[in-house]
Amino acid sequence: MQIILDELGRLETETVRQIAEAGTLETLEELRVGVLGKKGRLTAILRGLKDLTVDQKRDVGGRANQLKTKLEDLIVSRREELMGASSEAGLIDITLPGRPLRYGHRHLVTVVMDQIIDIFQRMGFEIADGPDIETDYYNFSALNFPPDHPARDEQDTFYVEGDRLLRTHTSGVQVREFEKRRPPVKIIAPGLVFRNEAVNTRAHCVFHQVEGFYVDTDVSFSDLKGVLEAFVYEFFGPGVEMRYRPSFFPFTEPSAEVDIRCFLCGGKGCQVCKHEGWLEILGSGMIDPAVFKNVGYDSERVSGFAFGMGVERTAMLRYQVNDIRLLFENDIRFIRQIR
Ligand code: PHE
């Protein structure tokens, strides 16, 4: 048996060296066949095991199998080395022109969000933000929502736990900022909002809003109109039709919604504008004295307006996107079309 073990030892030293020295894939393959092949040296040694006792067979067999695995591994890595070397040596044509890399770019929603922010910044608005997970107080109570208001229903609002919820609008940031500052306050607050709603061509359960609010000693409804009209002119360009519709929000009085002529159908009526020819982009109004009271502002001395704009809607109108879902699906064929 010792003779066999010695032979295995010799075979190992020799083969390990030969593998390292093999200069081509062909030599390496010949080497492999010569040792591990059906008629190879290691195979021949294993054949000689038949004359040994069971115990001896186990010892020598185990040793031989170890050696087999070791040599196989070495051959595989040497083969990889040789293949790499041969491609460096000429398989790659380094004179071919390179393949151009496609650059990534910002998502349409981010682009539009930045455009909106930029326009309001130029009108003197500061930027603030608030948490996506809000408390009932900031999202509803402080904004004068009565306890039984339908928006508080679980069918409309995603509750997290206790009185925590995913904010349904960015208006809670008004309250947070009013608590921190004294008028004049002139702020926009961009961010994500969440609503427990069915998804369709014009509405999604997650979307972005830009909240804006301005409080000072004599802010009037015509200031609100001036700011919104300046925005629409800057963002959509001259000649875009907009209209105010009387509306209701618990935290503004009076309230108005702003519609833009539906660009997708040119006002003729389509799925996105629900065949009305107009698409609502924002809610707005004069801040209700009840809100001022909750934050300790004197509504006899100060007044203010607020608005909340839907970013996806605005993007859809501006870039003629006919389904809001395209803005969330991240289909690269869509994303690449609009930079
Ligand atoms: N928060 C309202 C909404 O999401 C929009 C709004 C903001 C209305 C500010 C009035 C004032 O629908």
Side-chain angles (χ1 to χ4, degrees), residues 113 116-117 120 123 125 127-132 134-146 149-153 155-158 165-178 185-197 202-215 219-229 231-232 242-260 278-292 294-295 297 299 302-314 324:
M113 190 89 143
I116 297 174
I117 291 171
F120 285 109
M123 288 194 259
F125 286 81
I127 302 183
D129 63 10
D132 292 351
E134 226 353 324
T135 60
D136 176 279
Y137 179 74
Y138 288 107
N139 196 76
F140 292 129
S141 301
L143 290 166
N144 198 34
F145 281 79
H149 193 282
R152 294 185 134 148
D153 201 303
Q155 272 175 348
D156 299 290
T157 301
F158 291 113
L165 47 86
L166 299 184
R167 65 176 174 188
T168 60
H169 54 184
T170 41
S171 299
V173 185
Q174 289 182 38
V175 183
R176 290 182 173 274
E177 292 304 315
F178 293 155
V185 178
K186 196 176 180 189
I187 286 176
I188 50 166
L192 269 181
V193 302
F194 309 84
R195 291 190 193 170
N196 197 353
E197 266 179 13
R202 48 186 267 139
H204 211 283
C205 53
V206 186
F207 56 99
H208 296 81
Q209 284 188 332
V210 173
E211 188 82 12
F213 42 98
Y214 177 31
V215 179
V219 177
S220 67
F221 199 87
S222 44
D223 292 317
L224 171 62
K225 288 180 73 179
V227 164
L228 294 179
E229 275 156 40
F231 168 78
V232 169
M242 70 185 279
R243 72 175 185 191
Y244 297 87
R245 249 180 318 106
S247 185
F248 175 82
F249 300 99
F251 43 95
T252 49
E253 181 60 32
S255 307
E257 283 173 327
V258 169
D259 298 339
I260 298 287
W278 295 92
L279 201 61
E280 179 206 323
I281 59 157
L282 64 87
S284 65
M286 300 306 293
I287 298 170
D288 197 290
V291 177
F292 286 146
N294 290 333
V295 295
Y297 283 10
S299 57
V302 297
S303 57
F305 65 71
F307 59 85
M309 187 178 305
V311 177
E312 279 77 5
R313 287 278 180 87
T314 310
I324 195 170

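Both ligands and their constituent atoms are indexed starting at 1 by order of listing.
Taking only nitrogen or oxygen atoms, main chain and side chain alike, H169 reaches within less than 3.5 Å of ligand 1. Between R195 and ligand 1, at least one pair of N/O atoms sits closer than 3.5 Å. Any N or O atom pair closer than 3.5 Å counts here, and Q209 shares at least one such pair with ligand 1. Checked by distance only, ligand 1 and S171 come closer than 3.5 Å through their nitrogen or oxygen atoms.
Using 4.0 Å as the threshold, S284 has a heavy atom nearer than that to some atom of ligand 1. Residue contacts with ligand 1 do not include F305, since none of its heavy atoms lies under 4.0 Å from the ligand.
For an aromatic pair to be called close, the ring centres must be under 6.0 Å apart, and F305 with Y214 satisfies this. If you look at F213 and F178, their ring centroids are closer than 6.0 Å. Taking the six-membered ring where the residue is Trp, the centroids of F251 and F292 are separated by 6.0 Å or more.
Nearest-heavy-atom check against atom 9 (C) of ligand 1 across E253, E211, E280, M309 picks out E211.
When heavy-atom distances to ligand 1 are checked against a 4.0 Å cut-off, F213 has no atom that comes that close, whether in backbone or side chain.
Side chains of S141 and H149 form no contact here, defined as non-hydrogen atoms less than 4.5 Å apart.
When all heavy atoms of M113 and P190 are compared, the pair lying nearest together is CE-CB, 3.6 Å. Nearest heavy-atom pair across N139 and H169 is O-NE2, 3.0 Å.
Ligand-side atoms of ligand 1 in range of A306: 9 (C), 11 (C), range being under 4.0 angstrom from any heavy atom. The distance from ligand 1 to the heavy atoms of G308 drops below 4.0 Å at these ligand atoms: 6 (C), 7 (C), 9 (C).
Annotation: atom 6 (C) of ligand 1 to nearest protein heavy atom, G283 O, 3.6 Å.
Under the 6.0 Å distance and 45° angle rule, K225 counts as a cation-pi partner of Y244.
In this structure, E134 pairs ionically with R176, as a charged nitrogen and a carboxylate oxygen lie closer than 4.0 Å.
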